[in-house]
Structure formats: C-alpha cells, structure tokens
Amino acid sequence: MLTIKNLHATVVGKPILKGINLEIGDGEVHAIMGPNGSGKSTLANVIAGREGYEVTEGTITYKGKNLFDLAVEERAREGIFLAFQYPVEIPGVSNIYLLKAAVNAGRKHRGEPDLDAMGFLKLVREKLKLVEMRDEFLHRSINEGFSGGEKKRNEILQMAMLEPTLAVLDETDSGLDIDALKIVANGVNSLRSAERSMIVVTHYQRLLDYIVPDYVHVLAQGKVVKSGGKELAHELEAHGYSWVGDDAKAAAG
Amino acid sequence: MADTGTQLDALVRREYKEGFITDIESDTFPPGLDEDVIRALSAKKGEPQFMLDWRLDAFARWQQMREPDWAHVSYPKIDFRSISYYSAPKRPEDGPQSLDEVDPKLLETYEKLGIPIEEQKMLAGVAVDAVFDSVSVATTFKKSLSKAGVIFCPISEAVHEHPELIKKYLGSVVPVTDNFYASLNAAVFSDGSFVYVPKGVRCPMELSTYFRINAMNTGQFERTLIVAEEGSYVSYLEGCTAPMRDENQLHAAVVELVAMKDAEIKYSTVQNWYPGDEEGRGGIYNFVTKRGICRGERAKISWTQVETGSAITWKYPSVVLEGDHSIGQFYSVALTNNMQQADTGTKMIHVGKDTSSTIVSKGISAGRGQQSYRGLVKALKSAENARNHSQCDSLLMGDKCGAHTFPYIEIKNPTAKVEHEATTSRIGEDQLFYCRQRGLSEEDAVSMIVNGFCKEVFRELPMEFAVEAQKLLGISLEGAVG
C-alpha cells in the first residue's frame with residue numbers, strides 16, 4: 001500500500017524528518033507515536049502533500065505510484081484521507097455541501113456518475129450513525145462553532161463518506177474527553193477492513209486502547225527509533241518517551 | 001509546490017469573458033460638452049421644454065462644481081470634453097415592438113453575453129427593458145404590466161407619456177445639485193428605466209433591465225426612477241456587462257427610489273462591467289448615485305448588489321428613512337481583482353421614529369485590488385428609537401490586495417441604537433488545503449469558500465439572480481489553476 005524510504009523533509013528550511021522508513025501493508029493499522037516535535041504531524045502532512053513541507057530526500061510509493069507526482073487533491077481522490085489535528089472552519093458552507101462535493105469529486109475520478117440527491121442522503125444518514133451525529137449537523141457551517149469533539153467526529157464522518165484506502169489520523173484523540181474518544185474510536189474501528197490501511201498518529205497511548213494497532217512505531221528527532229507490536233505502546237506508557245529517547249541517542253551515537 | 005500567494009494570483013487572473021464589440025452603426029455625437037450639446041441631445045430625444053430647462057439648470061450648476069477627491073481610489077483626471085454624450089443604435093424612430101424586430105446583431109450580442117432574453121420570454125416571469133447604449137430597444141411584457149396598472153418604460157418615453165410624474169419625482173431624491181456626478185447625469189442623462197406602481201398594487205413580476213455599454217468612447221448616463229405608491233410592492237433587477245476596450249469609460253448613473261406609506265421596493269444589481277486588464281488599462285469608471293427615500297410610514301427599501309466589475313467603483317446606495325417605522329436594507333458583495341479599486345458602501349439616514357436599518361457588506365479583494373467600505377449611519381434628532389445593525393466583512397486573497405473600512409456614525413438622538421461589526425479574514429492556505437485534501441480542485445475550493453462568505457447576501461437575491469451571481473463570482477475568480 002504505502003512504502004516510505006529514507007524520507008527527509010524540512011519545514012521552513014528546518015530539517016524535521018531525517019530518514020524515515022516505513023512499510024504499510026493492505027489493511028494494516030500502524031500507530032506512530034512520539035514526543036512533541038518528533039515529526040509525527042510532519043509525516044502526516046507530507047503524505048497528504050501540504051504546502052510548506054518540503055521533501056529533500058527519499059521516496060514515498062503509494063499503490064505502486066510515486067506519491068510526489070500527485071497533487072493534494074489527486075492524492076485525496078486516489079484514496080488518501082487525512083483526519084486533521086485541527087479541522088478547519090469554513091463559514092457559510094454547509095457540511096453537507098462539502099461532503100457531496102468531495103464524494104462526487106472522488107466518483108468522477110473513478111469514472112462513476114455523481115451520486116443523486118436521494119442516494120447521497122441515504123448514504124450520509126447511514127454514516128452519521130457511525131459517529132452518533134444528528135441530521136441537523138449536516139446543515140451547519142463546516143466546523144464553525146463546533147466543539148472539539150464535534151470537529152473530530154466530523155472528520156470521521158468525512159472519512160466514512162469518502163471510504164479511503166489509506167487514512168491518516170493526525171492526533172485525532174487530542175482535545176477529546178473519554179466519551180467523545182470512544183465514539184470516534186468506534187467510528188474508526190467500524191471502518192477497518194482488509195482494503196483499508198490506517199496510520200494513527202498520537203502522543204498518548206490512551207487512543208490505542210480503543211483503536212488497537214497492528215504495529216507501533218516510535219518517532220524521535222525525525223527518525224523511527226523503535227518499532228514493534230501493540231505492546232510497545234504500553235511499554236512507552238510505563239517508561240515514558242525518555243526511554244526511547246535514550247535509545248535514539250544510542251542509535252545516533 | 002508553489003507558495004499560496006502565487007497560486008492565488010494565478011487563480012484570480014483570468015480573461016474577461018464578455019469582451020467583444022458589436023458592429024452596429026451608431027448615431028454618435030462628436031466628443032464635447034457645452035450647452036449646445038445638451039440642447040442637441042434634448043432635441044434628439046424630442047424632449048419637452050421642461051426637460052431641457054432641467055438639464056440646462058443642472059449643467060449650469062455642474063460647471064460650478066468640483067470633482068470630488070475624497071474617495072480612496074486613484075485614477076487619471078477625466079477630460080469631460082473628450083466624451084461623447086449621445087449614442088443610439090440606428091433607426092430609433094421606428095423602434096421595434098417585439099424582439100423579432102430587434103436588430104439581429106443586437107440579439108447576437110445578448111446571446112454572446114448569455115443574457116437569456118429568449119429564455120426569459122418563455123419563463124414569462126420577467127419583463128425586460130433592454131438598454132443598448134443609450135436607447136432602450138426592447139420592451140416586453142408591457143401589456144401584462146399595464147393590466148396591473150404598472151408603468152415600466154424607458155425614462156425617455158415617460159418624459160412624453162407621463163410628464164406629470166416625471167416633473168413630480170425626477171430629482172426629488174437625488175437633487176440636481178447633489179454631487180458632481182449626479183449633476184452631470186442630470187444634464188446629460190441618456191436613458192434608463194421608469195417604474196410606477198400604483199397604490200395597493202403588487203407588481204406581478206420581477207422587473208429587469210440589462211445595461212450594456214457598447215459604442216466607443218461614449219459616456220453612459222443612465223437615469224432610473226422607481227415610484228411605489230402606498231401599499232405597493234416592486235422588485236427590480238439590474239444586471240450589466242460591457243465589451244472589452246482600451247479607453248476608460250465613464251459611467252455615472254443615478255437611481256432614485258420613492259416608497260410611500262407601506263410600500264416596498266427591492267432593488268437588486270449584478271454588475272459585471274469590464275474591469276480593465278491585469279495592469280488596470282481600460283475598464284469602466286463606475287461613479288453612481290443610488291438613493292431611495294421611505295416617504296411614508298412602514299415603507300421599506302432594500303438594496304442588494306453583487307459587484308464584480310468596473311475598474312473603479314464609487315457607489316453608495318442609500319436610504320433616507322423619513323416615514324416612522326420605515327426600514328432600510330443594504331446587502332452587498334463587492335469583488336476587486338487585479339488593479340480594480342472600489343470605494344463603496346451605503347448611507348442610512350434615520351429621520352422618522354422607530355426606523356431601522358440593516359447593512360451587510362461583504363468585500364472580497366484579490367490580486368492587487370483595493371477595496372474600501374465607506375458607510376454612514378445617521379440618526380437625526382427626530383429619529384426616536386432608531387436602530388441600525390452594520391456588519392462589514394472583508395475577505396483577502398493573496399498578500400497584495402487591500403481592504404479598508406470607513407464607518408461614519410452620526411447620532412443626534414440619544415435613544416438610537418447602532419451596532420457595528422467588522423471582520424477581516426484571509427482565504428487561508430489551511431482552508432484550501434482542507435478542501436483539496438477532500439478531493440476538491442483548488443478552483444472549486446476557492447469558489448466554495450467565497451460563496452460561503454457571501455451567503456448572507458446571496459440569499460437576499462431573487463432566485464435566478466442568486467444562481468447567476470454565484471456563477472459570476474466563480475468566473476471572476478477563475479483562472480490558471482494547475
């Protein structure tokens with residue numbers, strides 16, 4: 001699905017990623033953990049193609065293609081979805097409008113006809129249930145005046161509608177209370193399938209109690225310093241990031 | 001990936017789509033302005049003496065006036081003697097009675113513009129009084145309107161047919177001495193629309209006029225007058241576009257609205273005149289005076305405008321709230337792109353008791369566009385319990401444009417309540433990225449964000465106009481997006 005090789009990236013000229021290697025197979029859920037500033041969010045943004053994140057070295061291959069050949073919207077239409085750490089507000093544009101435009105952009109890309117109004121409404125109502133949101137939610141302006149939990153649930157709603165092949169969840173747990181976290185995690189879990197891979201970026205192990213990953217990678221100073229199974233998250237919880245920090249220093253030394 | 005600034009620049013750069021000139025023989029005056037020109041103009045239209053006197057009086061006063069320079073716009077000085085003050089399509093006397101008789105070239109022009117006259121005939125909901133250059137050439141739906149007692153005709157015709165109404169109302173809202181451009185308009189106005197809705201009549205259809213400036217170097221001076229008698233209602237739509245050319249064209253229109261007791265006038269504009277090229281060459285100078293007066297109790301006047309064109313816009317549709325409990329509204333979307341400059345806003349003059357006004361202004365600046373909102377809210381001593389709410393939002397695209405707000409508030413009555421809110425935001429890189437990450441093209445994303453920003457104004461427009469306006473904004477911001 002996704003192969004990252006020796007990825008180096010800078011933000012405003014400052015090197016953040018310094019040689020990341022990752023292999024994400026079909027249907028796998030990988031957790032990326034690490035302390036603040038370790039490059040987790042940078043990695044997520046580089047995959048999505050955000051401006052200002054400059055790749056200086058290395059490759060990312062997605063479904064056999066060079067990811068860097070694709071523009072942001074092309075990556076999206078090819079099935080890459082980024083659940084934002086800070087979902088953006090767009091005043092005056094209703095949620096349902098964006099959802100419909102996004103779904104149809106993907107369909108057009110795949111050579112499918114636009115979903116008609118009835119078909120769309122049916123689909124969106126079904127997906128609303130996944131994240132326990134009510135119909136009225138659809139007619140509010142995108143993320144405007146939403147609570148933190150509502151914003152994150154909205155991200156998962158979009159993900160459910162777009163049915164991506166690779167979902168990157170960037171700190172989806174940040175700012176959530178435990179109830180909202182459960183709803184979001186349930187939504188994500190219901191979207192797990194053999195055709196859909198996920199990268200779950202998080203600072204805390206807590207989220208991984210609910211979204212149980214197949215693999216955990218620890219990032220420090222722009223490198224993967226430790227990889228393992230889901231139990232690695234618990235070790236981190238017990239020992240803190242300084243534990244891998246020491247490892248990183250050892251690796252660098 | 002290129003930086004956002006460059007991408008937005010590319011996005012907002014686009015060719016003016018309505019640029020072409022129709023080859024029609026024009027009966028055009030040589031450039032110049034003096035009393036003889038005004039006499040000739042008046043004679044050409046076969047005007048009665050009172051009209052000529054009115055023009056001459058205005059001209060005499062205009063000559064004493066100085067061009068205003070307080071607006072936040074800059075342009076080379078206009079030589080008023082280099083403008084031709086009359087241009088009409090040939091054969092105005094045997095003017096067409098139906099569209100079939102209209103010069104096919106003219107219809108072709110409308111086709112190119114995508115003005116759906118044919119369609120409108122079928123839709124049968126809209127009466128069309130098309131102004132081509134200075135003379136109105138097509139007037140339709142007259143019969144069904146006259147059945148309702150509504151007069152809707154070129155103002156040049158009203159001068160002959162309804163001189164008593166013209167004498168009574170022309171210049172009653174915007175006096176000939178009002179301002180430099182209004183005086184000039186009074187002296188040389190070419191044509192425009194006249195609407196009279198009698199007492200208690202609800203005008204059976206939306207009235208619509210399409211303006212178009214065509215002949216080279218011809219200043220166009222529309223004059224529109226709408227009178228709504230007690231308890232009547234009328235909705236008037238005005239939309240315009242002009243061909244591409246090099247010389248700057250002056251457009252100094254005057255619109256006067258009179259709403260009597262319990263009457264309501266809704267005036268909507270979609271303006272898409274040639275804005276000039278990327279360097280600001282060519283383009284229309286749009287110096288317009290629009291004002292309405294709520295003469296009686298509970299009268300209501302509402303201005304809604306979507307302005308994407310013109311090189312320079314200088315325009316403040318205003319309402320004088322004379323009648324007690326009268327209502328004034330101003331909803332505006334203005335877009336400036338490339339080198340466009342706009343100094344626009346409104347004036348709400350509260351005179352009567354319990355009068356209320358609402359101002360919603362949405363300004364979009366892109367390219368090197370400069371935009372100013374200039375609004376006056378004034379409550380006279382007599383305006384007991386006057387209310388105003390103003391909301392002025394600016395949206396910036398890129399980092400070379402500007403948005404400015406000049407709110408003026410003059411309150412003479414302590415019971416008046418005035419609220420003013422203003423915001424300035426930028427189409428964020430993060431908003432664009434968010435939409436694109438969901439699969440939308442950059443163009444669609446911009447259009448969606450801008451339309452969302454303007455939503456409060458668009459919902460005030462009549463349905464078909466709202467669709468057109470959204471399309472227009474999309475086109476105005478369309479460009480070389482990769």
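The structure presented is a predicted model; accordingly, all values stated were derived computationally and were not measured.
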Among B/Tyr331, B/Trp303, B/Phe330, exactly one meets ring pair (Phe, Tyr, Trp, His ring centres under 6.0 Å) together with B/Tyr267. Which residue is that? B/Trp303
Of B/Met448, B/Glu456, B/Gln437, B/Gln431, the largest count of non-hydrogen pairs under 4.5 angstrom with chain A goes to B/Gln437
Do A/Glu89 and A/Lys151 pass the salt bridge (Lys or Arg N to Asp or Glu O under 4.0 Å) test, and can you show the C-alpha distance, the side-chain angles, and the key distance before you say yes or no? CA-CA 9 Å; A/Glu89 298 183 5; A/Lys151 283 184 181 173; 3.4 Å; yes
So, using side-chain hydrogen bond (donor to acceptor under 3.5 Å, both in side chains) as the criterion, who are the partners of B/Ser425 when residues are at least two apart? none
Test side chain to side chain contact (heavy atoms under 4.5 Å, CB included) applied to A/Tyr62 and A/Thr3, A/Ile24, A/Leu2, the passing residue: A/Leu2
Output the option from A/Leu82, A/Ile142, A/Asn104 having the highest count of non-hydrogen pairs under 4.5 Å with chain B. A/Leu82
Contact residues of residues 91-103 of chain A (partner chain B; heavy-atom separation under 4.5 angstrom): A/Pro91, A/Gly92, A/Val93, A/Tyr97, A/Leu98, A/Ala101, A/Ala102
With a 4.5 Å heavy-atom cut-off (strictly below), which parts of residues 116-139 of chain A touch chain B? List them by number. none
Given heavy-atom pairs under 4.5 angstrom as the criterion, report whether the side chain, backbone, both or neither of B/Phe453 touches chain A. backbone
Give a yes or no answer on whether the side chain of A/Ser38 reaches the backbone of A/Gly222 with a donor-acceptor pair at less than 3.5 Å. no
B/Gln340 side-chain N/O to B/Thr308 backbone N/O, donor-acceptor pair under 3.5 Å: yes
Between B/Gln305 and B/Ser332: side-chain donor-acceptor atoms closer than 3.5 Å: yes
Indicate whether the side chain of A/Lys40 and that of A/Thr202 have a donor and an acceptor atom separated by less than 3.5 Å. no
Give a yes or no on whether A/Glu144 atom CD has more than 12 heavy-atom contacts from other residues, nucleotides or ligands under 6.0 Å away. yes
Are there over 12 heavy-atom neighbours, none belonging to A/Lys5, within less than 6.0 Å of that residue's NZ? no
Check each atom of A/Pro87 against the heavy atoms of chain B and say whether the ones under 4.5 Å are side chain, backbone, both or neither. both
Residue part contacting chain B, namely of A/Ile90, when any heavy atom lies under 4.5 Å: both
Report yes if some heavy atom in the side chain of B/Lys362 is under 4.5 Å from a heavy atom in the side chain of B/Gln391; otherwise report no. yes
Identify, with sequence neighbours excluded, every residue that meets ring-ring contact (aromatic ring centres under 6.0 Å, His included) alongside A/His217. A/His30
